[in-house]
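Because only heavy atoms are used, hydrogens play no part in the values below, and waters and symmetry mates are left out as well, while side chains stay in.
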Amino acid sequence: MPELSPGQPPPDHYYADNLIALVEGVRQQYGDILTAEEAEFGEGIVAMPANSQRLLARLMSRKGPLVRVDSLNFREIDDTSAALGYLVAEGFVSRCPEAPAAALARLLTRAELGQCFGDALAPRSESAATDNGSCSGAPGADSGRSAGAPPRRSDARKRDYLEWIERSLTDAEVHRRVERVFPWVALDGVERLDLYRLLFFGDRRRDLSTFVLRDLGLSRYPEYELARERRLFADRAALDAYRALIGLGDYIDELGARPPADAAVPALEALWQPFGNRLFERRRSRMLNRLGRGLERVGEFDAALACYARSSMPPARERRVRILKRLLDTHAVERLRRRMRERPICPQEADFAARFGTRRSRAWPRETVVLDVPDIERVEAAAAAVLTADEGCAWHLENTLPMGLFGLAYWDWVFAPVDGMFVNAFQTAPIDLFWPDFLEARRDLCPDPLDSDDETLQASLLETCRTHRGVANRLVDWAVFDEDTLSRLLEGLGADTVRKLVGFAGEDLDNARRGFPDLTVVYGPGRFEFVEVKGPNDRLRDDQYLWIERLRAADLPVRVARCR
């Protein structure tokens, strides 16, 4: 792939090359499970003339479904009309397809709206005039205008035009008027394009801009194995099942935050049975949690309980407890709380089960101190300056510290070859990085770095930092973990503390991303503390309490600094 330089145009075929790389990647990995129509779609892209490839790649990079023809001016395409004609003839693009009036109108500027609809404005305004001289049906009208006078175009804002067009004209009328002056196009076969994006990137959100970020040097991606036998979808049945889940997710999103109970029933029934596939089951559970929360909001508690009971992900059990409490089923509440205490899915669930129903607010930890600081607007920096006034160094790292140490220690685990977890060359982590069974899925593939002695562990962290510095890893912030800073942190914290922090993060990577104390303060070798900084009106969040309690239980120095 060519490298890009900021401010310089890319090679003429650059965007088309990226499109072809996407298509060829899908054909190589999934050619055996594509239908004849889907395979033909990819073959057509590879075989089309260069100008048409370039134009199609550009169209795929545009935001929104509709693109004005007069905006298709690209340096690398010498005959846009012919390229577009080919795409239309081959079924890749539709010319002026049906579209809602509002969507078409939003393609135009205020002046262009006047150009397209000005002649329709005057007669409608005159006919809408009332005895008191108002023209309420027309954009820009006001009660001070004389009876029957059409509003001047300069009076009408774009929003006025859009509201008036949507209220007054049919889709067919808007279509006719816009097409006459500003024709548009839209990608055809969007479903097939979405399929190719899903198969290449593993989701529908990423697009060809991912290539640009890499080739500008903004992201250096790690090396890992992309073997066909470890692909995300083993066969066509798995692909179709996942696409059905995506469709259900879209349906649940359309239902909104307060879904009608009858409309939610089909989704609940379709999500009834669990999946053996880890990815599918996680997506199913998240959808059940989302649907259950919506049903809970509208008072459909039985349906909400059914959703949560079939979800394997937090906070499903917490929501069940809250609903059962509301329904006054105290026996069921206590049975479920007991199960949560005995076998919690995560520390947050255990904390909830222990505290629910106690009606006690959390007190400030006993390790709380009051600091007088000169600048309450930049409270963390001010607190760091006060704490290190005599000696030491403070870093405002928060969760960057435990997550980064874990990422360096378990680098080989993060990028280990696990089936279905790496699907393209643009990942900064495996798909299952923050899943509860992340470590369990890799125990047979890599030695555990925490089993090594203290000296080996620290040396390994520094070597990984040197070797991989700048390579994208979702757990490691390279703005923090340069070799000098890491060396100072390791010297100050000591191997035993590093081992504890890495172990805490590994217990629950998902929730370990939140709540760690703001400051890591090192006063000398083996002399340090972690400090959560709070302004005058701040309170500690639950996740911050959990980290403080965890650090305290491990005999690590931690306190809260309340600044004034």
Note to self: Under the criterion salt bridge (Lys or Arg N to Asp or Glu O under 4.0 Å), I'd like the reasoning laid out for Arg339 against Glu342: C-alpha separation, chi angles, the key distance, then a yes or no.
What the structure shows: CA-CA 5 Å; Arg339 290 200 296 271; Glu342 293 171 352; over 6 Å; no
Check: Given Glu318 and Arg322, is the salt bridge (Lys or Arg N to Asp or Glu O under 4.0 Å) satisfied, shown in steps?
Finding: CA-CA 6 Å; Glu318 174 184 335; Arg322 293 186 182 278; 3.3 Å; yes
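- For the pair Asp32 and Arg231, the salt-bridge criterion is met [side-chain N within less than 4.0 Å of a carboxylate O].
- Dense packing is recorded around CZ of Arg228, with more than 12 heavy atoms of other residues, nucleotides or ligands lying under 6.0 Å away.
- For the pair Arg514 and Asp542, the salt-bridge criterion is not met [side-chain N within less than 4.0 Å of a carboxylate O].
- Atom CG of Leu401 sits about 11.5 Å away from atom CG of Leu519, to the nearest 0.5 Å.
- Around the CZ atom of Arg378, the shell of radius 6.0 Å holds no more than 12 heavy atoms that belong to other residues, nucleotides or ligands.
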Next item on the list: Output, in order, the C-alpha distance, side-chain angles, deciding distance and verdict of ring pair (Phe, Tyr, Trp, His ring centres under 6.0 Å) for Phe233 and Tyr242.
Entry: CA-CA 9 Å; Phe233 306 109; Tyr242 194 72; 5.3 Å; yes
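- A cation-pi geometry, defined here as NZ or CZ lying under 6.0 Å from the six-membered ring centre and within 45° of its normal, holds between Arg513 and Phe434.
- Asn424 has its side chain within reach of Arg206: a pair of non-hydrogen atoms, C-beta onward, lies under 4.5 Å apart.
- Panel note: side chain Arg282, backbone Trp435; no donor-acceptor pair is recorded below 3.5 Å.
- Judged by distance alone, the side chain of Thr368 and the main-chain N or O of Pro365 form a donor-acceptor pair under 3.5 Å.
- Contact annotation: the side chain of Leu556 approaches that of Phe528 to within less than 4.5 Å [non-hydrogen atoms, C-beta and beyond].
- Salt bridge Arg284/Glu281: present, at least one basic N to carboxylate O contact under 4.0 Å.
- Atom CD of Glu391 has more than 12 heavy atoms from other residues, nucleotides or ligands within 6.0 Å.
- When atom types are taken as modelled, the side chain of Ser452 and the backbone of Pro449 share a donor-acceptor pair closer than 3.5 angstrom.
- Side-chain contact check for Pro430 versus Val414: some heavy-atom pair is nearer than 4.5 Å.
- Here the side chain of Asp329 pairs no donor or acceptor atom with the backbone of Leu324 at under 3.5 angstrom.
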Item checked: Asp432/Arg278 under salt bridge (Lys or Arg N to Asp or Glu O under 4.0 Å): CA gap, chis, key distance, verdict -> CA-CA 9 Å; Asp432 67 343; Arg278 297 164 64 226; 2.8 Å; yes
Margin query: Applying side chain to side chain contact (heavy atoms under 4.5 Å, CB included) to Cys393 and Val521, what does each step give before you reach the verdict?
Written below: CA-CA 6 Å; Cys393 183; Val521 189; over 6 Å; no
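- Nearest heavy-atom pair, Leu405 versus Leu461, reported as atom, atom and distance to 0.1 Å: O-CD2, 3.9 Å.
- Atom SG in Cys307 sits 11.0 Å away from atom CZ in Arg290 (nearest 0.5 Å).
- Put simply, CZ on Arg243 and CG on Leu245 are 12.5 Å apart, with the number rounded to the nearest 0.5 Å.
- Environment of CZ in Arg343: sparse, with no more than 12 heavy atoms of neighbouring residues, nucleotides or ligands closer than 6.0 Å.
- Proximity of Trp547 to Asn399: side-chain heavy atoms (C-beta onward) are separated by under 4.5 Å at one or more points.
- Between the side chains of Glu483 and Ser487, no donor-acceptor pair of N or O atoms lies under 3.5 Å.
- Phe516 has its ring centre less than 6.0 Å from the ring centre of Phe530.
- Below 30°, between 30° and 60°, or above 60°: for Phe426 and Phe201 the angle between ring planes is between 30° and 60°, a tilted geometry.
- Residues Met60 and Leu19 have side chains in contact (heavy-atom distance under 4.5 Å, counting atoms from C-beta outward).
- Open room surrounds CZ on Arg286; 12 or fewer heavy atoms of other groups in view lie less than 6.0 Å from it.
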Next item on the list: Test Arg230 against Phe422 for side chain to side chain contact (heavy atoms under 4.5 Å, CB included), laying out the working first.
Entry: CA-CA 8 Å; Arg230 294 195 181 94; Phe422 287 101; over 6 Å; no
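- In this structure, Val471 and Trp411 approach most closely via the heavy-atom pair O-CH2, 3.8 Å.
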Note to self: salt bridge (Lys or Arg N to Asp or Glu O under 4.0 Å) for Asp207 and Arg62? Distances and angles first, verdict last.
What the structure shows: CA-CA 10 Å; Asp207 55 30; Arg62 290 293 185 92; over 6 Å; no
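- Within 6.0 Å of CG in Asp437 there are more than 12 heavy atoms belonging to other residues, nucleotides or ligands.
- The backbone N or O of Ala384 lies less than 3.5 Å from a partner atom in the side chain of Thr388, making a donor-acceptor pair.
- Remark: the backbone N or O of Leu450 is paired with a side-chain donor or acceptor of Arg499 at under 3.5 angstrom.
- Between the side chains of Glu296 and Tyr308, a donor-acceptor pair is found at a separation under 3.5 Å.
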Margin query: As a quick check of understanding, evaluate side chain to side chain contact (heavy atoms under 4.5 Å, CB included) for Glu440 and Asp444, giving each step before the final call.
Written below: CA-CA 8 Å; Glu440 193 59 38; Asp444 296 334; over 6 Å; no
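- Side-chain N or O atoms of Arg442 include none that pairs as donor or acceptor with a backbone N or O of Leu445 at under 3.5 Å.
- Looking at Leu239 and Leu198, their side chains come closer than 4.5 Å, going by heavy atoms from C-beta outward.
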Check: Run the side chain to side chain contact (heavy atoms under 4.5 Å, CB included) check on Lys534 and Gln544 step by step: do they pass?
Finding: CA-CA 11 Å; Lys534 289 299 178 186; Gln544 293 169 337; 3.0 Å; yes
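- Summarising the geometry, atom CG belonging to Leu271 is positioned 4.5 Å from atom CE belonging to Met287; distances are rounded to the nearest 0.5 Å.
- You'll find the side chain of Pro517 reaches within 4.5 Å of the side chain of Leu551, heavy atoms only.
- Between the side chain of Glu529 and the backbone N or O of Val558 there is no donor-acceptor pair closer than 3.5 Å.
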Notebook entry, point to check: Passes side chain to side chain donor-acceptor pair (under 3.5 Å), Tyr224 versus Gln427? Steps please.
Noted result: CA-CA 9 Å; Tyr224 42 78; Gln427 292 180 227; 4.8 Å; no
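- Here the side chain of Thr520 pairs no donor or acceptor atom with the backbone of Trp395 at under 3.5 angstrom.
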Note to self: Run the ring pair (Phe, Tyr, Trp, His ring centres under 6.0 Å) test on Phe406 and Phe504 for me, step by step, so that the C-alpha distance in whole Å, both residues' side-chain angles and the decisive distance to 0.1 Å come before the verdict.
What the structure shows: CA-CA 9 Å; Phe406 181 92; Phe504 290 153; over 10 Å; no
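- The backbone N or O of Arg27 lies less than 3.5 Å from no partner atom in the side chain of Tyr196, so there is not a single donor-acceptor pair.
- Of the N and O atoms on the side chains of Asp477 and Thr400, not one donor lies less than 3.5 Å from an acceptor on the other residue.
- Interatomic distance, CZ of Arg355 versus OH of Tyr545, reported as 9.0 Å (0.5 Å rounding).
- Rounded to the nearest 0.5 angstrom, Met421 CE and Ile431 CD1 are separated by 5.0 Å.
- Between Arg341 and Leu336 there is no side-chain heavy-atom pair separated by less than 4.5 Å.
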